Protein chains: 2
Amino acid sequence: MSPDNENKTTRDRLLKVAETLFAQRGYHAVSVREITTAANCNLAAVNYHFGNKKNLYLDVFRLRWMVRARRVHDSFTQHLAKHDGASPTEIIQALAEAFIKGPLADDERFYHAQLMMREMAKPTEAFEMVADEILRPFFRNLAKLLQPYLPEEIDEQRVNLNMLSIISMVIYFNFARVPVSLFTGCTYDEAFKERLIQHIVNFALTGLNVREKEKSL
Amino acid sequence: MSPDNENKTTRDRLLKVAETLFAQRGYHAVSVREITTAANCNLAAVNYHFGNKKNLYLDVFRLRWMVRARRVHDSFTQHLAKHDGASPTEIIQALAEAFIKGPLADDERFYHAQLMMREMAKPTEAFEMVADEILRPFFRNLAKLLQPYLPEEIDEQRVNLNMLSIISMVIYFNFARVPVSLFTGCTYDEAFKERLIQHIVNFALTGLNVREKEKSL
DNA sequence: TTGACATTCAAACGATCGTTTGATACAAAC
DNA sequence: GTTTGTATCAAACGATCGTTTGAATGTCAA
């Protein structure tokens, strides 16, 4: 148990410990006994505080994941608010920074992305919740921000695909650290994250074709 | 059990059934009993043919995943061989087609991507194997093909990031079908896959900045 | 026909799973 | 001091897990 856990309630310790374990290894690979041992409490505590294991998993999303996602989203919008009338460059940059550097501690961000990936691969009840409360609003917000800068003839379908491509990058670079480190030879230190942000901005900006260049393909 | 399984050996049926179940729900969420029931054989068959459950999982990668990955890679290179002296457009197009349409049946491709994502999120012994035999060679091959067309001043680091961005898209659009369908409103039919390919080619091509346009950012 | 080998089978193994129980400790309210 | 409610605890529950066993098959060469 980490030192900063000692002064929190059993319930909070369970949520925190459960989140990291679920993120690292998935729902079924983690046992209630392992969670309660790591949280330094009795085995029955999970059922007492959350009813059952599944409900603990859902509460991890309700009480930790979604709260954190809102912090990321807020960081994104506040970053934009500072430079009013944001350009596409600034929008993508704000987005990449919110997700790659952002308001989260490094471990936090990793676990956050891992949990989301697991839900995307095999959605549970948690995904519906997250989709309604976080993903869809964020998606709409981002599309609305970028729409004015996209070529006029572009249809809604292609806007969506562009959003998804950006999102695929920020998510992938967060959650797939092992293959990314393997192929780049880099660890996720501050310098590398800065390079990641610059890359995403560059790649996404030109990919979106927001500048009026001749488009031959 | 699907009809085409009836004339195969118990061993082959186990590999096939285990792959889809592991892909759908992950290693720990699937029991040996469930696998053997679905494969229409006795419970002890897994331990008889593969030693234990973990070895069955590894053999799924050895005997099914890697074989299939080589088929995709071959499809990619053969597609390129037809148009010799491939342009960047043709390279990315061949890559996107190999991964999005490619030589695989639709279910196959989905399970293939799911298995890979699970390994990327939480690597096991299977990942080392796949990284050595498939991922690294493919990564090097792709980088070598595209290198001549990239801006000369680009360093190796940025080449790697560009490769990873392309890969992140093809993987993401394959494995994250639920959120993609949710946000686009599209199912993965032939028309949508064709649109996906075109999008990836467009996005990646301009993102790579392969054409000599003024680069302002 | 016999023996050797490969495969399948029902049954059981010990271990671990999520969950429940009833006792206990400790506080605040009356 | 008693009551009430919250929280934690050790212990046990039945169920399911991965694995093992030994007998029952089928196959084919000797």
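No experiment lies behind these values; they were computed from the predicted model shown. Note on naming: letters A, B, ... go to the chains in the order of the sequence lines (proteins, then strands), and numbering restarts at 1 for each one.
Among the heavy atoms of the strands lying under 4.0 Å from A44(A) is at least one base atom, whether or not backbone atoms are also near.
Rounded to whole Å, the distance from NE2 on H28(B) to P on dC17(C) is 10 Å. One interatomic measurement links the two molecules: CG of N52(B) to P of dC13(C), which rounds to 22 Å at whole-angstrom precision. Taking atom NE2 on H49(B) and atom C1' on dC9(C), their separation rounds to 12 Å, with Å as the unit. Y48(A) has its OH atom 21 Å from the P atom of dA11(D), to the nearest Å. Nucleotide dT7(C) holds its C1' atom 14 Å from the CG atom of N47(B), rounded to whole Å. As a whole-Å value, the separation of R13(B) CZ from dT8(C) C1' is 11 Å. One can place CG of N55(B) at 14 Å from C1' of dT19(D), the figure rounded to the nearest angstrom. For the pair N40(A) CG and dA7(D) P, the interatomic distance rounds to 18 Å; values are reported in whole Å.
Judged purely by atom type and a 3.5 angstrom limit, R109(A) uses its side chain to pair as donor or acceptor with the backbone of K101(A).
In terms of polar N and O atoms assigned as donor or acceptor, the side chain of N42(A) never comes within less than 3.5 Å of the base of dA7(D) in a complementary pairing.
Looking at R25(A) and E34(A), a side-chain N of the basic residue comes within less than 4.0 Å of a carboxylate O on the acidic one, giving a salt bridge. Using a cutoff of 4.0 Å between basic side-chain nitrogens and carboxylate oxygens, D59(B) and K54(B) are not scored as salt-bridged.
Toward the 5' end of DNA chain C, the nearer of the two residues T10(B) and L43(B), judged by each one's closest nucleotide, is T10(B).
Taking CG of L80(B) as the start and CD of Q93(B) as the end, the distance is 10.5 Å to the nearest 0.5 Å.
In this structure, the nucleotide among dA6(C), dT6(D), dG18(D) sitting nearest to the side chain of V32(B) is dG18(D).
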